[in-house]
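Everything numeric here is computed off the predicted structure, so don't read it as measured data. Basis for what follows: all heavy atoms, side chains included, without hydrogens, waters or symmetry-related copies.
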Amino acid sequence: MDEISQYLDIPYTSFANPASAQSFDIVVPQNNSISLTDVQHHEATPPLICFVHGGAWRREDKSDHLGLAHALANFTHFPVAVPNYRLSPMEATKEKHLHHPEHAKDILSFLEFLREWEGPRRGAPLPYDPTKLFLMGHSCGAHILACIFFDMPGDQLVPSDWLSQSTKAIIASEGIYDIDFLLVKHPTYRSWFIEQAFGPRTSYEEVSPSKADLRTTSQHLQWLIIHSKNDQYLDADESKIMYDHLVKQYGDRAAKAVSKNMDDLHHEHNGMLEESKLFVTIVGNYMFRITSE
């Protein structure tokens, strides 16, 4: 097990309000070398993993996932960053609204910030290669990442060419991709969190990435869609919809670009992150395969 340093509450905007909502934590293994025995590949400067948490766009904090960050860093020997983003209010009020795409705008700002960031230790080499990013999103975090790399209607989330090309793969677990389909199966979710995050709408097709086309600048990306059999909040059909949509988007290249794992995990929605060594193994080995190509 590597010695790991952690750096907390690093702002990624100059106008953070509140500061904690637009900041991130990063954990950095001190032994970044990767043995050929472990991954059959050597990265002189490792990639960076970025994990975008879930919480229905209105709860959870980066600190909730430091354990996962340490587990990923120990397994891969890659640094792991976990950003916060502004959240919608727990209750809908006339005085306070924060709707999509504001959450995703924060994550896009964080990802773009990584291009110029000098790292957690002034004067020390950057502990990762900023042109090699692995992005992970859980639950609504998967939706947030998909909205950045898909060509959404009324697009306000356009990634720079640098970010598009630097992102190697997106790992999406227990994601929300087709909100109208979600509400057919779980109508109580409308008042529970969907209207707080997106406002009242007759249809949520325009904010559902499974209804949009992949950006032309995202055609090189590889995707891993993960779903646990015992997720108590989201049905596997939601992930299957996104997997099938990606397969259609990539066409003849889908066999290489799109992967899934919907059979191996048997934890609850967040339990797969908190308790499952298997989740870290699945994700880590997927990253090793891509870095070895």
Side-chain angles (χ1 to χ4, degrees), residues 39 41 47-52 54 76 101 104 107-108 111-112 129 131-182 204-228 231 234-265 279 282-293:
V39 299
H41 184 71
L48 175 68
I49 302 170
C50 301
F51 177 80
V52 181
T76 63
I107 294 302
L108 180 56
L111 294 173
E112 298 288 4
D129 184 340
T131 68
K132 296 176 182 176
L133 304 179
F134 287 106
L135 308 185
M136 297 176 59
H138 182 69
S139 194
C140 71
H143 177 278
I144 286 171
L145 290 177
C147 285
I148 292 172
F149 292 93
F150 273 76
D151 190 7
M152 305 296 291
D155 205 343
Q156 302 180 53
L157 298 168
V158 181
S160 67
D161 289 343
W162 166 81
L163 177 57
S164 295
Q165 293 306 310
S166 296
T167 301
K168 304 308 176 187
I170 295 177
I171 298 99
S173 59
E174 317 303 295
I176 297 172
Y177 311 105
D178 186 333
I179 296 175
D180 289 329
F181 176 81
L182 179 72
Y204 291 88
E205 181 174 340
E206 290 192 349
V207 293
S208 295
S210 66
K211 302 297 185 181
D213 290 329
L214 194 66
R215 295 185 186 279
T216 57
T217 56
S218 301
Q219 298 292 327
H220 67 286
L221 287 176
Q222 297 191 54
W223 296 75
L224 173 59
I225 304 297
I226 298 175
H227 203 97
S228 174
D231 189 321
L234 297 173
D235 302 299
D237 286 345
E238 189 78 21
S239 289
K240 291 175 182 175
I241 286 172
M242 190 60 172
Y243 173 79
D244 291 342
H245 182 60
L246 284 164
V247 167
K248 290 180 180 178
Q249 291 288 304
Y250 281 95
D252 293 342
R253 296 181 296 117
K256 175 178 173 61
V258 187
S259 303
K260 66 178 178 180
N261 188 309
M262 302 185 191
D263 297 318
D264 292 340
L265 292 163
F279 176 73
I282 291 168
V283 170
N285 285 336
Y286 176 74
M287 295 176 189
F288 291 160
R289 177 177 67 79
I290 292 175
T291 56
S292 298
E293 291 175 350

| Note, Ser173 side chain near Ile171 side chain (heavy atom, < 4.5 Å) | no
| note | Heavy-atom closest pair (Ala212 atom, His245 atom, distance to 0.1 Å) is O-NE2, 2.5 Å
| query | Once you round to the nearest 0.5 Å, how far does CG of Leu157 lie from CZ of Arg215? | reply | 7.0 Å
| said: List the residues meeting side-chain contact (heavy atoms from CB on, under 4.5 Å) with Arg289, not counting sequence neighbours, and say none if there are none. | reply: Gln222, Ser259, Tyr286, Glu293
| note | The reported gap from CD in Glu206 to NZ in Lys211 (rounded to nearest 0.5 angstrom) is 12.5 Å
| remark: One should read off an interatomic distance between Ser292 OG and Met287 CE, to the nearest 0.5 angstrom, of 13.0 Å
| field | Check: Phe279 and Asn261 side chains under 4.5 Å, non-hydrogen atoms | value | no
| field | Heavy-atom closest pair, residues Trp223 and Leu221 | value | NE1-CB, 3.8 Å
| field | Inter-residue atom distance Leu265.CG - Ile226.CD1, 0.5 Å rounding | value | 6.5 Å
| Is any NZ, NE, NH1 or NH2 atom of the basic residue among Lys168 and Asp129 found under 4.0 Å from an Asp or Glu carboxylate oxygen of the other? | no
| task | Keeping the roles fixed (side chain from Glu112, backbone from Ser160), state whether a donor-acceptor pair exists under 3.5 Å. | result | yes
| Do Val52 and Leu135 have side-chain heavy atoms sitting under 4.5 Å apart? | no
| said: Between Gln165 and Thr131 (side chain of the first, backbone of the second, donor and acceptor by atom type, cut-off under 3.5 Å), is there such a pair? | reply: no
| Between CE on residue Met242 and CZ on residue Phe181, distance to nearest 0.5 Å | 14.5 Å
| said: Rounded to the nearest 0.5 Å, what separates atom OH in Tyr177 from atom CD1 in Ile225? | reply: 4.5 Å
| task | Check step by step if side-chain contact (heavy atoms from CB on, under 4.5 Å) holds for Thr217 and Leu163. | result | CA-CA 10 Å; Thr217 56; Leu163 177 57; over 6 Å; no
| field | Heavy-atom side-chain contact between Met262 and Ser239 under 4.5 Å | value | yes
Could you pull out all donor-acceptor pairs under 3.5 Å where a side-chain atom in residues 139-153 meets a protein atom, sequence neighbours excluded?
residue	atom	partner	partner atom	Å
Ser139	OG	His269	NE2	3.1
His143	NE2	Val207	O	2.7

| said: Which heavy atom of Leu214 sits nearest to which heavy atom of Gln249, and what is that distance? | reply: N-OE1, 2.7 Å
| query | Are side-chain heavy atoms of Ile176 and Tyr204 found at a separation under 4.5 Å? | reply | no
| said: Counting C-beta onward and ignoring hydrogens, is there a side-chain heavy-atom pair between Pro159 and Leu111 closer than 4.5 Å? | reply: no
| field | Min side-chain heavy-atom separation Ile49-Val283 under 4.5 Å | value | no
| Checking His220 side chain against Thr167 main chain: does a donor-acceptor pair fall under 3.5 Å? | yes
| message | Quick check: closest heavy atoms across Ala254 and Val247, and the distance to 0.1 Å? | response | CB-O, 3.7 Å
| field | Tyr243 vs His227 side-chain heavy atoms within contact, under 4.5 Å | value | no
